Engineer: 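Structure incoming, see below.
No experiment lies behind these values; they were computed from the predicted model shown. Per chain, numbering begins at 1; letters A, B, ... match sequence-line order.
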2 protein chains.
Amino acid sequence: MSIQKIARLAGVSVATVSRVLNNSDTVKAKNRDRVLQAIKEANYQPNLLARQLRTARSYMILVMVSNIANPFCAEVVKGIEEEAEKNGFRILLCNSGSDIERSRSGLSLLSGKMVDGVITMDAFSRLNELAALIGEAPWVQCAEYADAGAVSCVGINDVDASQHVVSRLADAGRQRIALINHDLSYKYARLRERGYKSVLHLRDLEYQAVEYASELSSAAGMAAMEALLAAPTRPDAVFAVSDTLAAGALRAIEQAGLRVPDDIAVAGFDGTELAGLVSPPLSTIEQPSRDIGRKAVELLLNKIDNPDAPTERVMMDWHYIERAST
Amino acid sequence: MSIQKIARLAGVSVATVSRVLNNSDTVKAKNRDRVLQAIKEANYQPNLLARQLRTARSYMILVMVSNIANPFCAEVVKGIEEEAEKNGFRILLCNSGSDIERSRSGLSLLSGKMVDGVITMDAFSRLNELAALIGEAPWVQCAEYADAGAVSCVGINDVDASQHVVSRLADAGRQRIALINHDLSYKYARLRERGYKSVLHLRDLEYQAVEYASELSSAAGMAAMEALLAAPTRPDAVFAVSDTLAAGALRAIEQAGLRVPDDIAVAGFDGTELAGLVSPPLSTIEQPSRDIGRKAVELLLNKIDNPDAPTERVMMDWHYIERAST
DNA sequence: CTGAAAGCGCTTACAG
DNA sequence: CTGAAAGCGCTTACAG
């Protein structure tokens with residue numbers, strides 16, 4: 001079922017078949033019909049490998065997600081999908097788990113010319129390695145700030161957002177505010193920790209406690225919260241850098257027989273559906289997840305069409321949602 | 001940076017470069033070193049399109065997920081990833097949303113020879129259309145039963161599992177058990193509804209109420225629960241066919257000022273992390289999500305290696321987890 | 001152990 | 001409006 005066979009079937013040359021396939025308008029109606037007929041009869045489907053090898057264009061973009069199970073990531077991906085589809089692009093998802101071997105494997109699709117560009121959501125600390133693998137190919141980093149190299153990126157101002165949450169907790173009279181953070185290989189983790197610490201400093205709050213979750217799951221959030229509760233001085237507020245972690249913290253507090261927010265206030269981050277589902281519902285920073293995804297595609301397509309386009313760093317707006325957990 | 005350039009750089013033929021690339025052991029050490037050196041210097045990366053076009057092998061499998069944001073799907077995907085990786089295969093994720101246009105677009109990767117096979121998690125009702133698109137290519141349907149055509153599939157016995165949940169609710173003295181189902185284009189939705197109804201019948205329970213959620217989100221679960229609560233007779237138990245829906249139901253019940261399980265018992269399905277996170281934690285059917293994914297890959301690779309392998313239908317074990325919500 | 005050459009299935013100037 | 005031919009970048013018998 002190659003273009004050859006169709007040509008034979010329709011009694012025309014392969015060039016003509018190709019023209020029909022590509023909607024060239026220079027094909028005589030009769031020939032077009034014969035080709036279309038032959039295609040249908042043979043249930044012919046063009047070989048993408050050959051086409052892309054020839055045209056050096058795939059209209060596909062690779063999306064390297066750090067963790068597909070993270071609802072925030074899923075939302076961003078939806079935004080990416082929407083915008084890509086709107087522009088005639090298809091997306092291929094690769095779950096890197098921020099693992100460099102996996103990333104390498106995934107990125108071979110890029111260097112191997114199967115896709116036209118890549119959107120990554122990997123940890124900042126991996127960016128240099130990624131940069132080496134990606135080389136000159138179109139690339140946008142998403143939902144994780146990149147301040148080095150020529151990568152365009154889109155995200156929010158994590159320091160500001162984090163400061164806002166912690167300030168609100170302090171405003172409400174909380175004295176001992178703890179942080180449940182993700183590991184510091186992520187830039188956003190560093191930035192949010194910076195925001196947290198700066199507010200403690202500004203407000204002369206002495207208590208400071210940071211627990212690092214090994215992954216963005218609520219199990220990890222529970223474990224972190226248990227560690228905080230086991231310390232000699234108990235926090236009266238906890239800021240978790242993701243709703244998933246915060247949901248786990250909630251659970252741990254409940255299991256310790258304490259009440260939220262009476263004994264301990266809990267705030268999350270991301271503004272995922274989960275935040276509104278748990279009990280009590282979580283105060284959180286809502287990120288414009290879909291828009292982040294859409295914007296990333298916009299930047300990437302721009303880069304694909306125009307390889308010399310300057311590097312862009314886009315900051316999106318966030319806002320704080322106050323709920324019963326604080 | 002083609003194999004040509006490397007050949008020139010290393011002073012050998014393209015055949016020799018290709019042999020080095022493919023770890024052929026018939027290359028003299030000196031030549032191998034020169035090639036390797038040239039590859040490094042030029043930062044050469046082979047063009048996958050050309051390679052796959054030539055070899056008709058990609059070592060990639062396509063995974064069509066119906067909804068990437070569904071935690072159960074995410075777990076299955078992890079199982080798929082693990083098993084694929086173990087066998088030297090890479091996976092490409094496509095979020096079809098059970099939309100036929102999206103599916104068509106994704107499946108062009110298959111017909112276009114970019115991947116060696118496909119694992120779908122699409123709705124049963126779409127299977128015929130999919131079958132037409134997929135043709136003879138290796139294909140396994142996952143977590144959704146397929147009883148027609150030559151598709152292999154792996155899942156659980158949904159009727160049994162559903163009967164078990166409803167029986168337990170009835171055992172506990174619940175008289176008015178409602179069902180929150182997904183739309184009936186999914187076979188599992190039909191099967192679970194069948195299980196539900198058969199138990200009601202068997203136990204001579206008169207009350208019967210089924211609400212259909214438009215999607216697998218907790219918002220849809222809330223809406224469904226609100227509809228159930230608005231009816232003249234209120235249920236005293238609800239079985240939701242996914243934990244996400246059940247979590248939404250929980251929220252709706254709470255907002256109506258009722259208590260779980262005192263006023264209404266709630267049971268979910270899937271055994272996702274979410275079920276243990278909400279309050280009260282959900283009784284649920286635990287599916288062996290990872291194993292389902294692994295098994296699907298096993299069947300698919302078998303089909304790829306041996307196209308005439310017979311169709312297989314594998315049923316995995318499930319078990320019921322009882323928690324405070326019932 | 002190595003190289004020249006054919007061929008995978010397309011697209012696209014080019015000539016007519 | 002159409003076809004013959006070159007070429008995208010690989011791999012792999014085949015001959016030496």
Engineer: Using whole Å, what does the distance between atom P of nucleotide dC10(C) and atom NZ of K113(B) come to?
Structural biologist: 10 Å
Engineer: Requiring both pairing distances under 3.5 angstrom, list the stems that contain DNA chain C and are made of three or more consecutive Watson-Crick or G-U pairs.
Structural biologist: C:1-3 with D:14-16, C:5-12 with D:5-12, C:14-16 with D:1-3
Engineer: Once side-chain contact (heavy atoms from CB on, under 4.5 Å) is applied, do any residues pair with N23(B), and if so which ones, sequence neighbours excluded?
Structural biologist: none
Engineer: Does a side-chain N-to-carboxylate-O contact under 4.0 Å join E312(A) and K303(A)?
Structural biologist: no
Engineer: In residues 41-58 of chain A, which residues come under 4.0 Å of DNA chain D by heavy atom?
Structural biologist: L53(A), R54(A)
Engineer: Expressed in angstrom and rounded to an integer, what is the separation of M114(A) atom CE from dC8(D) atom P?
Structural biologist: 19 Å
Engineer: Looking at Y59(B), is R57(B) sitting on its ring face, NZ or CZ under 6.0 Å from the six-membered ring centre and within 45 degrees of the normal?
Structural biologist: yes
Engineer: Between atom NZ in K5(A) and atom P in dG9(C), what is the gap in whole Å?
Structural biologist: 8 Å
Engineer: Within this structure, what is the CG-to-P distance between N23(A) and dT12(C), rounded to whole angstrom?
Structural biologist: 13 Å
Engineer: Tell me, which of residues 6-14 of chain B have any heavy atom that sits under 4.0 Å from an atom in DNA chain C?
Structural biologist: V12(B), S13(B)
Engineer: I'd like to know if R294(B) and D291(B) make a salt bridge, using a cut-off of under 4.0 Å between side-chain N and carboxylate O.
Structural biologist: yes
Engineer: Rounded off to whole Å, could you give me the CZ-to-P distance for the R19(A) and dA4(D) pair?
Structural biologist: 11 Å
Engineer: Can you find a side-chain donor-acceptor pair between S185(A) and D183(A) that sits under 3.5 Å?
Structural biologist: yes
Engineer: Would you measure the distance from the C1' atom in dG16(C) across to the matching atom in dT12(C) and give it in whole Å?
Structural biologist: 16 Å
Engineer: Whether K78(A) and E81(A) form a salt bridge (side-chain N of Lys/Arg under 4.0 Å from carboxylate O of Asp/Glu) is what I want to check.
Structural biologist: no
Engineer: Looking at E85(A) and R90(A), is any side-chain nitrogen of the basic one under 4.0 Å from a carboxylate oxygen of the acidic one?
Structural biologist: no
Engineer: Taking only the side-chain heavy atoms of K28(A) (C-beta and beyond), determine which of dT11(C), dC1(D), dA4(C) contains the nearest atom.
Structural biologist: dC1(D)
Engineer: Mind checking S18(B) for me? I need base, sugar-phosphate or nothing, with any heavy atom below 4.0 Å counting as a touch.
Structural biologist: base
Engineer: Let me know the distance between CD1 of I3(B) and C1' of dG7(D), rounded to the nearest Å.
Structural biologist: 16 Å
Engineer: For S58(A) and Q52(A), does a side-chain donor sit closer than 3.5 Å to a side-chain acceptor?
Structural biologist: no
Engineer: Report yes if a side-chain nitrogen or oxygen of T26(A) is closer than 4.0 Å to either non-bridging phosphate oxygen (OP1 or OP2) of dC1(D); otherwise report no.
Structural biologist: no
Engineer: Please name all residues satisfying side-chain contact (heavy atoms from CB on, under 4.5 Å) with K5(B), sequence neighbours left out, ordered by chain then number.
Structural biologist: S2(B), R8(B)
Engineer: May I have all residue pairs that pass ring-ring contact (aromatic ring centres under 6.0 Å, His included) and include part of residues 14-54 of chain A, sequence neighbours excluded?
Structural biologist: none
Engineer: Determine whether R104(B) and E101(B) satisfy the following criterion, salt bridge (charged side-chain N to carboxylate O under 4.0 Å, His left out), listing intermediate values before the conclusion.
Structural biologist: CA-CA 5 Å; R104(B) 188 189 308 279; E101(B) 263 323 307; 3.2 Å; yes
